[in-house]
Peer 1: 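Here it is, the structure in full.
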Amino acid sequence: MAKTLELLFATLQGKTAVLSIDDPKEPVDLAKVKQAMDQIITLNVFTSRTGDYISKKGARVVERNVDDYEMN
């Protein structure tokens with residue numbers, strides 16, 4: 001099971017940009033996530049095709065399960 005923390009930001013053009021972090025430390029500390037997202041916005045660290053990140057939209061942990069089937 002692979003887990004990813006996704007940080008969702010609103011961009012200048014009103015779209016959503018997602019920043020993904022593999023294998024997040026759990027349980028997720030929401031206060032630290034909010035603080036990190038605020039710093040990313042303030043420092044204008046990232047941009048996307050739809051513009052700079054302008055506000056926080058949310059965060060989520062996504063878990064992915066993969067079942068491999070061998071083909072003989």
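Heads up: numbering here begins at 1 and tracks the sequence.
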Peer 1: Please check if Phe9 and Val28 belong to a single hydrophobic cluster, counting links between Ile, Leu, Val, Met, Phe, Trp and Tyr side chain heavy atoms closer than 4.5 Å.
Peer 2: yes
Peer 1: Rounded at 0.5 Å granularity, tell me how far OG1 in Thr47 sits from CG in Asp52.
Peer 2: 4.0 Å
Peer 1: Test Ile54 against Ile41 for side-chain contact (heavy atoms from CB on, under 4.5 Å), laying out the working first.
Peer 2: CA-CA 6 Å; Ile54 59 169; Ile41 294 166; 5.7 Å; no
Peer 1: Would you compute the distance between atom CG of Asn44 and atom OH of Tyr53 and round it to the nearest 0.5 angstrom?
Peer 2: 10.0 Å
Peer 1: Is it true that Leu7 and Leu12 fall in one hydrophobic cluster, defined by side-chain heavy atoms closer than 4.5 Å?
Peer 2: no
Peer 1: Could you give all pairs that pass the side chain to side chain donor-acceptor pair (under 3.5 Å) test and reach residues 7-33, with sequence neighbours left out?
Peer 2: Lys3-Glu26, Thr11-Thr50, Thr16-Lys57
Peer 1: Can Met37 be reached from Leu43 by stepping across I, L, V, M, F, W or Y side chains whose heavy atoms are under 4.5 Å apart?
Peer 2: yes
Peer 1: Less than 3.5 Å apart, which donor and acceptor atoms pair up between the side chains of residues 58-72 and the rest of the protein, not counting sequence neighbours?
Peer 2:
{"unit_1": "Arg60", "atom_1": "NE", "unit_2": "Glu6", "atom_2": "OE1", "d": "2.6"}
{"unit_1": "Arg60", "atom_1": "NH2", "unit_2": "Glu6", "atom_2": "OE1", "d": "2.9"}

Peer 1: I want to check something: taking the side chain as every heavy atom from C-beta on, are Leu8 and Lys56 in contact at a cut-off of under 4.5 Å?
Peer 2: no
Peer 1: Does the side-chain contact (heavy atoms from CB on, under 4.5 Å) test come out yes or no for Thr4 and Ile21, once each step is laid out?
Peer 2: CA-CA 5 Å; Thr4 304; Ile21 302 165; 5.6 Å; no
Peer 1: Roughly how far apart are Ile40 CD1 and Leu19 CG, rounded to 0.5 Å?
Peer 2: 5.5 Å
